[in-house]
Amino acid sequence: MQNNPNSPYDDVFNNLAKIVEEIVKNMPDNQHARIVGYTIITRHLSNGDPGIFRAVEPDDDAEIPYEVVESEDMIYITAMIPADPKNAPLVDIQPDSVHVGIDNRDITIMLNHPIDRIHSYYRVHRGVMDITLKKVQQY
């Protein structure tokens, strides 16, 4: 991704990446350590303040840990994929919910706003599923 020359955050993100790299290098048994994924959202948050969003730990081993971040016009869901899934993950995006199924694990996430299914999508990369949902504009 190309840096925006007018962005004051580029140096912060570069430094943050270096810090995370050093932490991983210095972890015990670091040859097996890995960062599963992270998302930094720098705009469209309602109060404008930075924040940390942690994955919800499931009560049941059959559930999938996930986190939800919402902006004015989008909803972002990040879910952790089990280490060695037998099958590809399935995602069913409905106007009022998202269902994620991976092998014998599943979760249904109810949404507070109607979703435009055509302009919503998901992506799986390195053990992390990112679901991007476009809210229906309400006038």
Side-chain angles (χ1 to χ4, degrees):
M1 177 167 58
Q2 185 178 11
N3 288 342
N4 178 351
N6 299 323
S7 175
Y9 301 110
D10 288 341
D11 290 337
V12 172
F13 294 141
N14 288 334
N15 292 336
L16 181 61
K18 290 175 187 173
I19 291 168
V20 170
E21 182 180 348
E22 286 299 313
I23 290 171
V24 171
K25 282 183 189 176
N26 292 307
M27 291 177 76
D29 203 20
N30 69 2
Q31 65 271 20
H32 300 292
R34 64 186 178 137
I35 302 296
V36 174
Y38 61 91
T39 302
I40 299 172
I41 300 171
T42 60
R43 60 185 189 272
H44 300 301
L45 293 178
S46 59
N47 62 2
D49 294 333
I52 297 174
F53 302 91
R54 302 198 187 284
V56 175
E57 289 298 323
D59 296 329
D60 182 356
D61 287 341
E63 290 185 357
I64 300 165
Y66 69 93
E67 63 184 14
V68 178
V69 177
E70 195 168 330
S71 73
E72 188 174 310
D73 58 348
M74 304 293 288
I75 297 175
Y76 304 96
I77 300 172
T78 303
M80 189 181 317
I81 304 298
D84 294 317
K86 294 179 181 128
N87 301 299
L90 298 173
V91 176
D92 182 22
I93 299 173
Q94 294 297 319
D96 63 346
S97 66
V98 175
H99 178 82
V100 179
I102 306 166
D103 296 337
N104 62 344
R105 297 175 175 215
D106 66 346
I107 188 79
T108 298
I109 303 164
M110 299 308 295
L111 304 171
N112 294 329
H113 301 282
I115 297 303
D116 178 354
R117 293 176 61 199
I118 294 173
H119 294 100
S120 299
Y121 57 92
Y122 72 96
R123 174 179 168 227
V124 177
H125 185 68
R126 297 187 183 207
V128 175
M129 175 183 290
D130 289 314
I131 304 169
T132 303
L133 307 169
K134 175 86 170 139
K135 291 181 182 179
V136 171
Q137 295 295 327
Q138 297 178 357
Y139 299 99

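What you see below is based on every heavy atom in this structure, not just the backbone, and it leaves out hydrogens, waters and symmetry mates.
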Are any side-chain N or O atoms of T132 and backbone N or O atoms of Y121, one a donor and one an acceptor, separated by less than 3.5 Å?
-> no
In chain order, what residues pass the side chain to side chain contact (heavy atoms under 4.5 Å, CB included) check against P85, with sequence neighbours excluded?
-> I81, I102, D103
If you measure from CD on Q137 to NE2 on H113, what distance do you get to the nearest 0.5 Å?
-> 11.0 Å
About how many Å separate CD of Q94 and CD1 of I109, when rounded to the nearest 0.5 Å?
-> 13.5 Å
Apply side chain to side chain contact (heavy atoms under 4.5 Å, CB included) to Y66 and V100, showing your working.
-> CA-CA 10 Å; Y66 69 93; V100 179; over 6 Å; no
Using side chain to side chain contact (heavy atoms under 4.5 Å, CB included) as the criterion, list what pairs up with Y122, not counting sequence neighbours.
-> V91, V124, M129, I131
Residues, nucleotides or ligands: over 12 heavy atoms within 6.0 Å of H119 NE2 = no
When rounded to the nearest 0.5 angstrom, what is the spacing between CD1 in I77 and CG in L111?
-> 5.5 Å
Rounded distance (nearest 0.5 Å) linking atom CZ of R123 with atom CG of D130 | 6.5 Å
Shortest non-hydrogen contact between K135 and I115, atoms and distance = CA-CD1, 4.4 Å
Taken to the nearest 0.5 Å, the spacing of M74 CE from D116 CG works out to 9.5 Å
Residue pair I64 / M80: nearest heavy atoms and the distance that separates them = CG2-O, 3.2 Å
Look at the side chain of K86 and the backbone N and O of N104, then say whether any donor-acceptor pair between them is shorter than 3.5 Å.
-> no
Rounding to 0.5 Å, atoms CD1 (I75) and CD1 (I93) come to a distance of 11.0 Å
